[in-house]
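Report on one structure; see the data block that follows.
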Amino acid sequence: MIRGYTRTNQNREALFMYQKMREKCVQPDKYTFTFVLKACTGVLNLEMGVGIHEEIVKNGLESDVFVGTGLVDFYCKVGRLDNAKEVFEKIPELDVVAWNAMIAGFSQSVEPLEALRIFYKMQLAGIEPNLVSLLNLLPAVSKLSSVHCCRAIHGFVIRRRFPHFVLNGLIDMYSKCGDVDSALLVFNRMFGRDGVSWGTMMAGFVRNSCLVEALELFDCIKREKLDLNQVAAVSALLAAAETRDLEKGREIHEYSVRAGIDSDILVATPLMTMYAKCGELEKAKQIFEDIPRKDIVVWSAVIAAFVQAGCLKEGLSLFRQMLRENLKPNRVTVLGILPACGESSDINLGKSIHCYMLKSDIGLDVSTGTALVAMYAKCRLFSVAHALFSRLPQEDVITWNALINGYAQFGEGRRAMEMFHQLRAAGYYPDSGTMVGVLPACVTMNELEQGTCIHGQILKFGFEADIHVKNALINMYAKCGSVTTAEYLFNEPEFTKDEISWNIIIAGYMQNGRAKEAISAFHQMRSEGVWPNLVTIVSILPAAAFLAALKQGMAFHAYVVHTGFGSNVLVGNSLVDMYAKCGRLDYSEEYFDQMKNKDTVSWNVMLSGYAMHGLGKAAMALFLRMQETCVEVDSVSFVSLLSACRHGGLIEEGRKVFHSMNPKHKIEPKLEHYACMVDLLGRAGEMDEALNFIQNMPMAADAVVWGALLGASRMHSNVQIGEIALGHLVSLEPQNAAHHVVLSNIYAQSGRWGDVRKMRKSISSMGLKKIPGCSWVEIRKEVHAFKVGDQTHPQFDKMRQLWNDLHEKMERIGYVADTSCVLHNVEEEEKELFLFSHSERLAITFALLNTEPGMPINIVKNLRVCLDCHITIKLISQITDRKIIVRDASRFHHFEKGTCSCNDYW
DNA sequence: ATAGGGTTAG
């Protein structure tokens, strides 16, 4: 009866019968014991097994080979290897089954080497291993990961006549030991390959990252019209996902449909992941939804897929949905969702997941520990992250990377570098990920030297071929001001660039004010067939804005429409800003009005657009609308608004706005707001109020604030206040000659020539260091740049000729050059020549020569237009009957028929 | 033999 139950795996019933038998005081014999032990092993009931062991000893049956083997098997399965060994050694006549039980037990244990020893011992004892011995041993060899053992077992197998499927075991064993070549050799030489052979071989390739080979095997299956089984399909899908080969992935999908295995959850899960990794999130979602009974693995997979694709909201909402369906997150689910908490700085969710882990049996191991450390670091809870890090039971280099990354990403560059050095001291070797993490630390600290040092280590460890490392390096050089090195690395012929590399070089050029190069990098990227992504778009739009290159900007807008990023708020803000800076405020307003998700930045961008164009009233109106719409007003809003007041001449409104900041909006005015106000009051000629305003500031005024006062002093020829401002400026920025220049101009205007001479002497002795002026003009989609004093342009002679003609006409209508902004110690006549070197004049003459008569001209200048240029451009607009729009460092100037929109120069 | 996982541009 008992045997009958154990044969059909009805273990509980078997044990129940045994108990009944004992109650009726029927004496069990050795057969009873072997069957009962088998049942006990099936339900893993330790207590009961130990009881039966005692009975066996009482009956003197322990040394019986059948009963003994049953006991050995039982103790092995419940993990009591010592007891198993003890019983085993008491059996006098060991047979092959007894030895096999021991091999199986140790194969599954933490001492796989012992299984191998037993295998050899049995041969020494004269027992010939059989097929079962071998099958029991294979997992042990795989665990030992020793190619040496593999070879020995391989030799053992070929000396015997075992069935074909044993060779499948060898393929698996070799691939698990990392010797994929030997696995392939067995596979290729084997006769009668079955589905398992193909599946095992493909899984082996995937395990050893031989993805191309795995996919080739799939092609083989297709070519030879073999059946595609689940394992082969899964392995092929993993390979396609890892190589992001969508086309191949679709092919495998199609083939799985034909084989009728596509809806199997085992295949559907990696199928979904494949689509997600290849960027087909819609398709992935659809496959997920079509799975009827979703288990925790599918849920974990779909959550991780969305989180990794950057769709955090979707990932989090799937996670909540899973909880609502009463599924319990396991270790892997948690590992998939934690990065989303970090990425979105959702510390509440992060903490509750940590709590859940403590309550459930998800312990702290290397992976979960690392994920938690990274999550806390990304939420900027550095002390928690560090404390957790130092009490982790185990860590590896990735754990260190997580912390280093966290510190580096959030401005704690010094701490990141410290950890980097500690890692070496703790005996770990940095990997490529460490390098990728530590380079941004050099960026935040602006430490080119340390960055170069890391570059050295990268070369030493041989990580330079890793694309992530290379990208991080290019980024570091570009951001730390060494664009040339960045460019050099980027253009190395053996470098295969990805989308990220292009984004980095484009952003790097922009960082260094090289908008023209950024744009040509964009076109080069397109010519190599790479499509812009969201980051590309957000990086390249400011380039068009910087250069006021409207045609380029519109071309980028076309990409926005094509890629469907138009609904993204970052893109929308950049577009509004770009159109405003390109002089098309009407387009800005149009785009702004139709934006569905506006944030504070959107409104601020629009405000600054009005400010640039001197439209104070429009800015005030927008600010009111902003409050009606209940958008949060921030400190930047006020900078733009005050700036709009100042360019629009709204003195009283500006005062009111400033004084409402703290009482009404609870925003403490900062230095930039004070600077704006000083400029506003100064322009209005309220010099004493401006000075008084500075003296009553709650913090010390900086150079910008004093600079605003100095500019106003010059405008109103107020020597007394000018001198006060200059005194502060000189002590704040002693090396900046520009301040001395302004003061010497003030002296000149009030006729104090002696002081002018003295000032100019001290200026020339300190050497003038200033940013070279540069102007740009876009003509037929091409941006032309002109640096101050540049005579190398191919059309320079024609340009100078045109200038001379214009100059003559100007003088005829009464123009006298104001050379006060020319510092060189030369004769007046020569100074006039120098004035043609001003970059905006070069750009304007070039534009006049290269556009149709009557067409408006758009110029951008990096610095402010000087007074003489301002007068000159007014006259040129009159003489040539052209509209000339100049955007300088502070605002737009619209010149038409001898007037300028800003009324006077200031 | 087989599906989900920890660090990595802006």
Side-chain angles (χ1 to χ4, degrees), chain A residues 165 168-169 171-173 175-176 194-204 206-207 229-238 241 261 264-274 276 295-305 307-308 310 330-339 342 365-375 377-378 395-406 408-409 431-440 443 466-476 478-479 498-508 511 533-536 538-539 570:
Chain A
F165 72 85
N168 291 340
I171 295 171
D172 190 47
M173 174 189 72
S175 84
K176 281 183 177 157
D194 57 6
V196 178
S197 321
W198 287 90
T200 312
M201 193 61 237
M202 281 175 80
V206 173
R207 184 179 301 115
N229 62 36
Q230 291 173 341
V231 179
V234 166
S235 304
L237 284 169
L238 289 174
I261 52 172
D264 188 290
I265 197 162
L266 230 74
V267 178
T269 309
L271 191 59
M272 178 198 72
T273 310
M274 181 278 295
D295 62 5
I296 189 71
V297 177
V298 189
W299 278 103
S300 307
V302 77
I303 292 167
V307 170
Q308 277 167 17
N330 65 14
R331 202 176 140 265
V332 183
T333 325
V334 158
L335 288 174
I337 198 72
L338 277 175
D365 56 37
V366 198
S367 305
T368 52
T370 304
L372 280 172
V373 167
M375 185 272 293
K378 281 189 185 159
E395 68 195 27
D396 63 8
V397 67
I398 303 179
T399 320
W400 284 81
N401 293 353
L403 201 56
I404 292 173
N405 270 314
Q409 264 186 341
D431 67 357
S432 60
T434 321
M435 300 308 188
V436 177
V438 80
L439 282 168
V443 174
D466 184 306
I467 188 156
H468 295 296
V469 172
K470 185 100 185 223
N471 285 341
L473 261 178
I474 296 172
N475 185 46
M476 183 278 293
K479 295 279 167 61
D498 65 1
E499 197 179 60
I500 296 166
S501 323
W502 288 105
N503 290 347
I504 287 171
I505 199 78
I506 289 171
Q511 182 94 12
N533 65 14
L534 184 83
V535 178
T536 325
V538 175
S539 312
L570 283 173

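Here is how names work: the chains are called A, B, and so on, in the same order as the sequence lines, proteins then strands, and each is numbered from 1.
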What residues, two or more places apart in sequence or in another chain, satisfy side chain to side chain contact (heavy atoms under 4.5 Å, CB included) together with A:Ala301?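 With neighbours one apart ignored, the set is A:Thr269, A:Met272, A:Thr273.
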Those residues that, when tested against A:Leu266, pass side chain to side chain contact (heavy atoms under 4.5 Å, CB included) (two or more places apart):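 So A:Leu266 forms a side chain to side chain contact (heavy atoms under 4.5 Å, CB included) with A:Gln230, A:Asp264.
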For nucleotides 2-9 of chain B, read 5' to 3', which letter fits each nucleotide if B means a protein heavy atom sits under 4.0 Å from the base, S means only the sugar-phosphate is that close, and - means neither? BBBBBBSB
Listed partners of A:Thr536 passing side chain to side chain donor-acceptor pair (under 3.5 Å), at least two apart: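 Here the qualifying residues are A:Asn503, A:Asn533.
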By salt bridge (Lys or Arg N to Asp or Glu O under 4.0 Å), which residues pair with A:Lys470, not counting sequence neighbours?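 Scan of A:Lys470 (salt bridge (Lys or Arg N to Asp or Glu O under 4.0 Å), adjacent residues dropped) gives A:Glu492.
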How would you list, by chain and number, every residue that makes a salt bridge (Lys or Arg N to Asp or Glu O under 4.0 Å) with A:Asp365, sequence neighbours excluded?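 Checked A:Asp365 against salt bridge (Lys or Arg N to Asp or Glu O under 4.0 Å); matches are A:Arg331.
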